[in-house]
There are 2 protein chains.
Amino acid sequence: MSSDASPAPPPVTLREVASAAGVSVATASKALNGQGRMTAETRERIRETARRLGFRPNSLAQSLLRKRSFTVGLLTNDTYGRFSLPLMAGVSDALVDAGVSVFLCNVEDDPRLGQLHVDAMLDKRVDGIIATGKRIDRHLPIDLSNLRIPVIYAFTQPDAGAIGFESDDAGGARLAVEHFCALGRRRIAHVSGPASFAVVHERARAYREVLAEHGLPAAEPLLGAWSEGWGHEAVAKLFDGKGRAETPDAVFCGNDQIARGVIDALRERGIGVPEEIGVIGFDNWEIVAEATRPPLTSVDMNLATLGREAGLALLSLVGGQAALPGIRKLPCRLVVRQSCGRPVGG
Amino acid sequence: MSSDASPAPPPVTLREVASAAGVSVATASKALNGQGRMTAETRERIRETARRLGFRPNSLAQSLLRKRSFTVGLLTNDTYGRFSLPLMAGVSDALVDAGVSVFLCNVEDDPRLGQLHVDAMLDKRVDGIIATGKRIDRHLPIDLSNLRIPVIYAFTQPDAGAIGFESDDAGGARLAVEHFCALGRRRIAHVSGPASFAVVHERARAYREVLAEHGLPAAEPLLGAWSEGWGHEAVAKLFDGKGRAETPDAVFCGNDQIARGVIDALRERGIGVPEEIGVIGFDNWEIVAEATRPPLTSVDMNLATLGREAGLALLSLVGGQAALPGIRKLPCRLVVRQSCGRPVGG
DNA sequence: CTGAAAGCGCTTACAG
DNA sequence: CTGAAAGCGCTTACAG
């Protein structure tokens with residue numbers, strides 16, 4: 001009752017269960033936890049009593065004893081972004097079945113706020129921390145390197161000697177370029193984000209490698225912003241004053257917004273997608289990818305899976321399992337829609 | 001140390017602080033909490049000792065005594081959506097300074113998952129719950145009506161007798177239509193989402209009211225999907241085979257994606273925005289609103305503020321303040337960009 | 001002005 | 001097979 005002032009009855013305690021069942025709290029505890037030895041009859045009677053009274057153990061008390069709170073902290077600076085969302089859902093999914101709850105800590109880019117949250121997490125005796133962010137080559141504004149609890153990094157820069165989960169961006173780029181090659185495209189351009197992002201270089205490297213492997217020419221990647229506007233500009237650079245033979249027949253874009261801009265610009269020039277030019281995006285941001293005309297084929301970073309894996313890894317560290325430090329790169333997948341022509345299986 | 005197996009020292013306890021300072025734990029506790037009476041000197045010595053040892057009280061133990069855990073649960077089924085994100089950030093912001101941490105519970109639309117999360121929250125003795133979702137006229141798949149802790153609803157349908165926070169959608173619609181009127185637009189159309197959404201009717205009602213107040217004709221709102229595609233279709237319905245006098249000079253759209261579709265369709269027909277037609281969207285989803293050509297004027301629901309208010313309201317209930325049940329509607333605001341011409345202050 | 005005691009709700013050796 | 005005792009880390013009356 002959210003607004004009713006009537007004093008709700010306090011939760012049933014183990015003591016009440018025990019006295020209702022006519023046993024000691026020790027015995028009641030053991031009966032409910034499947035510990036100790038007693039007649040099946042006694043155990044069942046106690047359990048039934050607990051059920052009847054709606055007993056639920058106070059996990060604060062349990063945590064105090066067990067030195068394990070069954071909570072973890074999730075630190076992020078990507079509160080308005082779309083990356084942390086699927087990631088958080090994945091983390092949450094992986095943990096809920098283990099009875100572990102997740103504290104959401106929005107640290108923005110503010111060290112003071114970060115410290116505030118980290119202190120709160122430590123005070124609340126979380127079993128571990130997952131740090132996540134909006135880009136893989138920047139560290140959160142907090143030092144997590146000397147905590148006494150396990151830390152897992154996911155989609156943010158890890159500390160030296162820590163465990164981090166990332167998407168395999170180079171692999172994702174390969175998927176895209178290989179797809180173009182398999183479709184018979186020969187003049188494949190790459191339009192990406194700012195040079196200040198590590199992933200821009202990683203994807204560009206993979207782009208060059210795949211083309212080299214296929215004996216195809218690689219143009220210098222066009223670097224700009226992560227925006228539709230840059231997609232438009234890039235098309236101008238690619239096509240203005242060029243003869244047919246010099247223009248690309250495929251464009252691999254650094255994200256879906258760039259791809260959207262590219263597709264719109266091509267349409268406005270009367271250039272057919274996918275007939276004349278194939279386009280692939282990155283991120284598989286469904287709301288964008290499905291709204292482009294035609295719908296956009298895009299590389300998906302499998303962020304929910306990344307979150308799941310990070311959650312499970314943390315659980316295993318908390319459980320005392322050892323794990324090697326280092327970066328784990330998880331594969332991307334290509335989601336084929338209609339912007340490349342001849343869709344595989346479509 | 002995320003992967004290092006070296007056994008980290010356990011946290012410093014109050015007992016250790018007390019013995020280091022040569023006092024009893026009771027005195028140490030009182031010194032640190034500003035309770036009891038003792039010489040300022042003793043108090044300061046104890047505090048200094050605590051500081052030196054890096055003592056941080058175990059909030060699990062504190063919670064057990066105080067019957068207050070300084071945690072709340074945030075239930076949502078909008079994990080992939082964009083509504084819950086600013087809202088969650090607002091909630092988190094409002095609570096962090098009060099030392100209250102937020103459990104993130106992704107219940108999707110699964111009653112089993114919902115119950116699992118609610119039980120976990122109750123077991124962990126959260127002080128209260130905030131329920132949020134992706135639309136205002138649907139209830140989460142869980143019954144929150146008979147909990148013993150306060151519940152606040154935000155951007156999801158509340159239970160009878162509960163407290164809910166919503167954006168004032170009718171007010172937001174008024175803002176948009178009044179803006180058109182003030183700019184001298186006379187034939188204002190409304191293109192919105194599916195009739196199954198309550199907000200669609202609320203906004204349409206406000207649309208009609210404002211036009212009536214200005215003595216302007218209201219066309220029947222065009223209802224469809226929340227998508228760009230529907231924006232395109234709607235333009236066809238509005239303009240195909242119509243003479244100039246029958247077509248609108250302004251379109252108020254139910255969300256930014258529809259508005260984007262409308263703007264793109266108009267451009268493709270060679271109709272100038274904002275010269276010939278003004279367009280306003282809803283949601284102020286920045287990444288969309290800023291990418292339309294021209295940038296889109298849009299109604300912002302102030303979701304972060306909604307989250308803040310919800311958080312503060314919960315805090316006040318937890319603190320024992322009474323509050324009247326009912327819906328609190330928070331005002332929207334119009335973010336003026338360039339899709340209506342003559343931008344105010346621009 | 002300071003400390004011994006009881007207790008929050010539970011679990012876990014240890015006796016009987 | 002069951003229970004009394006001690007204890008997790010803290011706080012709060014209550015004595016002295």
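Quick note on labels: first sequence line is chain A, next is B, and so on, each numbered from 1.
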Rounded interatomic separation in angstrom, taking [atom1] from [X] and [atom2] from [N]:
{"X": "A:L32", "N": "C:dC10", "atom1": "CG", "atom2": "C1'", "result": "11 Å"}
{"X": "A:R15", "N": "C:dT11", "atom1": "CZ", "atom2": "C1'", "result": "14 Å"}
{"X": "A:L64", "N": "C:dC8", "atom1": "CG", "atom2": "P", "result": "14 Å"}
{"X": "B:L60", "N": "C:dC10", "atom1": "CG", "atom2": "P", "result": "14 Å"}
{"X": "B:N58", "N": "D:dT11", "atom1": "CG", "atom2": "C1'", "result": "13 Å"}
{"X": "B:K67", "N": "D:dC10", "atom1": "NZ", "atom2": "P", "result": "17 Å"}
{"X": "B:R45", "N": "C:dC1", "atom1": "CZ", "atom2": "P", "result": "14 Å"}
{"X": "B:L14", "N": "D:dC8", "atom1": "CG", "atom2": "P", "result": "13 Å"}

Nearest to side-chain heavy atoms of [X], which nucleotide of [options]:
{"X": "B:S24", "options": "C:dG9, C:dG7, C:dA4", "answer": "C:dA4"}
{"X": "A:A61", "options": "C:dT2, C:dG9, D:dT11", "answer": "C:dG9"}
{"X": "A:L65", "options": "C:dC1, C:dT12, D:dC8", "answer": "D:dC8"}
{"X": "B:A26", "options": "C:dT12, C:dA5, C:dC8", "answer": "C:dA5"}
{"X": "B:N33", "options": "C:dG9, D:dT11, D:dC10", "answer": "D:dT11"}

Applying a 4.0 Å non-hydrogen cut-off, can you work out what [X] is touching in the nucleic acid: base, sugar-phosphate, or nothing?
{"X": "B:K30", "answer": "base"}
{"X": "A:S59", "answer": "nothing"}
{"X": "A:T27", "answer": "base"}

ring-ring contact (aromatic ring centres under 6.0 Å, His included) assessment of B:F155 paired with B:F165: CA-CA 6 Å; B:F155 210 78; B:F165 286 85; over 10 Å; no

May I ask you to decide whether B:R47 forms a salt bridge with B:E44, counting only side-chain N to carboxylate O separations under 4.0 Å?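 Not counted as a salt bridge, because no side-chain N and carboxylate O are separated by less than 4.0 Å.
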
Does a salt bridge link A:R328 with A:D168, judged by any charged N lying under 4.0 Å from a carboxylate O?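 Not counted as a salt bridge, because no side-chain N and carboxylate O are separated by less than 4.0 Å.
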
Residue-phosphate contact under 4.0 Å: [X] side-chain N/O, [N] OP1/OP2:
{"X": "A:Q35", "N": "C:dT12", "answer": "no"}
{"X": "B:S29", "N": "D:dT12", "answer": "no"}
{"X": "A:R66", "N": "D:dC8", "answer": "no"}

Given a 3.5 Å cut-off on both pairing distances, which stems involving DNA chain D, each at least three consecutive Watson-Crick or G-U pairs, are present, if any?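 Stems (3+ consecutive pairs) listed as C:1-3 with D:14-16, C:5-12 with D:5-12, C:14-16 with D:1-3.
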
I'd like to know if the side chain of B:N106 and the backbone of A:S92 have a donor-acceptor N/O pair within less than 3.5 Å.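 Checking the backbone N and O of A:S92 against the side chain of B:N106, no donor-acceptor pair under 3.5 Å is found.
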
Can a donor-acceptor pair be found between the side chains of [X] and [Y] at a distance below 3.5 Å?
{"X": "A:Q115", "Y": "A:D119", "result": "yes"}
{"X": "B:S145", "Y": "B:D159", "result": "no"}
{"X": "B:S101", "Y": "A:K124", "result": "yes"}

Return the 5'-most residue of the pair A:V25, A:M38 with respect to DNA chain D, ranking by each residue's nearest nucleotide.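 The answer here is A:M38.
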
First of A:Q62 and B:R43 reached from the 5' end of DNA chain C, by closest nucleotide: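 Taking each residue's closest nucleotide, the earlier one in sequence belongs to B:R43.
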
In this structure, which one of A:L64, A:L122, A:D123 forms a side chain to side chain contact (heavy atoms under 4.5 Å, CB included) with B:N58?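 Looking at A:L64, A:L122, A:D123, the match for B:N58 under the side chain to side chain contact (heavy atoms under 4.5 Å, CB included) is A:L64.
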
